[in-house]
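Counting begins at 1 with the first residue of the sequence. In each ligand, atom 1 is the first atom listed, and ligand 1 is the first ligand listed.
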Amino acid sequence: MVQQEYRFIRRKERLAVYPGSFDPVTNGHIDIIERSLKFIDKLIVSVTHHPTKKPLFSFKERMEMLQGVFRDRKEIVIEYFDGLLVDYLEKKGVFLVIRGLRAVSDFDYEFQMVLTNRRMLPRIETIFLTPKEEYLYLSSSAVKEIARLNGPVERFVPEIVAEKLREKHRS
Ligand code: ADP
C-alpha cells in the first residue's frame, strides 16, 4: 500500500549554484558541471566577478559562451550576479553551492570562502568536486595564456570558446 502511494508524491527538485568567473569556461568547469548533475536536478551556473582577477571577457561574452556550450540542456541555467554570493543565494532561495577542487593550491582560498560565507549565511552547504585527472591543472588563466601565444587551445576548451579566444587575439 505504502509503495503505491509513493507514486503520487512529487519529489522536490534539487537545485544548486555553481558560481565562478568562467573567463572563459574550460573543459575542467564542464567536467564539474556534468559530475554535479549526477546528484542534482538543476544547476545554475552563475557568472560573477573575481575580487582580484581582471577579466578578458565581459559578463555578456562569458555568459554567451556558456549558453552556447549548454544549448538544449534544460537542466543547466546560465545567470550572472554582481555582489555577495550569500545575497544572491538568499534571493534565489538556493543554499547548495558547487565548487571545483583541483590541486592543493585551490584549497586555502576555497576553505576561506566557505567559512566566511557560512558565517554570513549558516544555511549554505558547499560540495567540492574533483575533475578528471587530465583537468587537474587546467585553469582559465592557463588557457588565456596559451591563446595569447597562439597555442592549441582547442584541447582545453569547447570549439565555441576556442573560436572566441582566437577572435580576441586577432583583434
Ligand atoms: P573563480 O575565479 O571564482 O575561482 P573560476 O571560473 O576560476 O572562478 O572557477 C570556478 C570554480 O571552478 C572554482 O571552484 C574552481 O576551483 C573550479 N575550477 C576551475 N577550473 C577547474 C578545473 N580544471 N577542474 C576543476 N575545477 C575547476
Side-chain angles (χ1 to χ4, degrees), residues 15-40 42-70 73 75-89 92 94-121 124-148 151-162 164-165 168:
L15 279 166
V17 165
Y18 180 28
S21 0
F22 304 103
D23 183 44
V25 58
T26 69
N27 291 342
H29 294 123
I30 295 171
D31 181 289
I32 297 298
I33 291 172
E34 299 296 357
R35 271 172 214 280
S36 72
L37 287 165
K38 291 181 190 167
F39 57 89
I40 59 157
K42 192 173 247 177
L43 183 68
I44 307 166
V45 181
S46 305
V47 181
T48 188
H49 71 271
H50 190 277
T52 56
K53 299 183 205 160
K54 189 181 175 297
L56 175 67
F57 294 102
S58 67
F59 266 133
K60 187 166 170 276
E61 288 174 312
R62 286 183 263 162
M63 285 181 73
E64 277 168 3
M65 284 185 269
L66 280 160
Q67 273 152 356
V69 172
F70 296 111
R73 297 284 301 270
E75 70 277 36
I76 301 170
V77 180
I78 316 296
E79 289 193 354
Y80 89 92
F81 72 96
D82 211 357
L84 283 176
L85 175 65
V86 289
D87 290 341
Y88 172 71
L89 293 174
K92 299 211 72 70
V94 177
F95 301 98
L96 186 60
V97 175
I98 303 290
R99 291 286 285 177
L101 208 54
R102 289 163 288 186
V104 200
S105 51
D106 277 342
F107 190 79
D108 222 30
Y109 174 74
E110 295 291 340
F111 204 64
Q112 204 180 337
M113 286 292 289
V114 167
L115 295 180
T116 311
N117 284 333
R118 188 182 285 163
R119 222 169 282 151
M120 290 187 277
L121 186 62
I124 304 182
E125 291 301 342
T126 304
I127 295 178
F128 289 104
L129 296 173
T130 297
K132 218 164 143 181
E133 228 173 315
E134 62 182 287
Y135 302 140
L136 269 181
Y137 291 97
L138 179 57
S139 66
S140 299
S141 322
V143 164
K144 284 182 278 193
E145 186 56 13
I146 296 168
R148 196 178 64 81
V153 278
E154 57 286 346
R155 291 194 203 157
F156 311 109
V157 294
E159 187 44 41
I160 304 175
V161 178
K164 270 279 191 187
L165 281 161
K168 266 279 179 229

query: When the ring planes of Tyr18 and Phe22 are compared, do they come out parallel, tilted or perpendicular, using 30° and 60° as the limits?
result: perpendicular
message: For a quick check: using heavy atoms under 4.0 Å, what are the residues in contact with ligand 1, sorted by chain and number?
response: Tyr18, Pro19, Gly20, Ser21, Phe22, Gly28, His29, Ile32, His50, Lys53, Arg99, Gly100, Arg102, Asp106, Glu110, Pro131, Tyr135, Leu138
- prompt: When you measure from the centre of the six-membered ring of Phe59, is the NZ or CZ of Arg62 under 6.0 Å away and within 45° of the axis?
  reply: yes
- prompt: For Val77 and Lys42, what are the C-alpha separation, side-chain angles and deciding distance, and is it a side-chain contact (heavy atoms from CB on, under 4.5 Å)?
  reply: CA-CA 8 Å; Val77 180; Lys42 192 173 247 177; 4.1 Å; yes
message: For a 4.5 angstrom cut-off between non-hydrogen side-chain atoms, does Leu101 reach Glu110?
response: yes
- request: Decide yes or no for Tyr135 and Ile32: does some side-chain heavy atom of the first lie under 4.5 Å from some side-chain heavy atom of the second?
  value: no
field: Side-chain H-bond candidate by donor/acceptor type, Tyr80 with Thr48, under 3.5 Å
entry: no
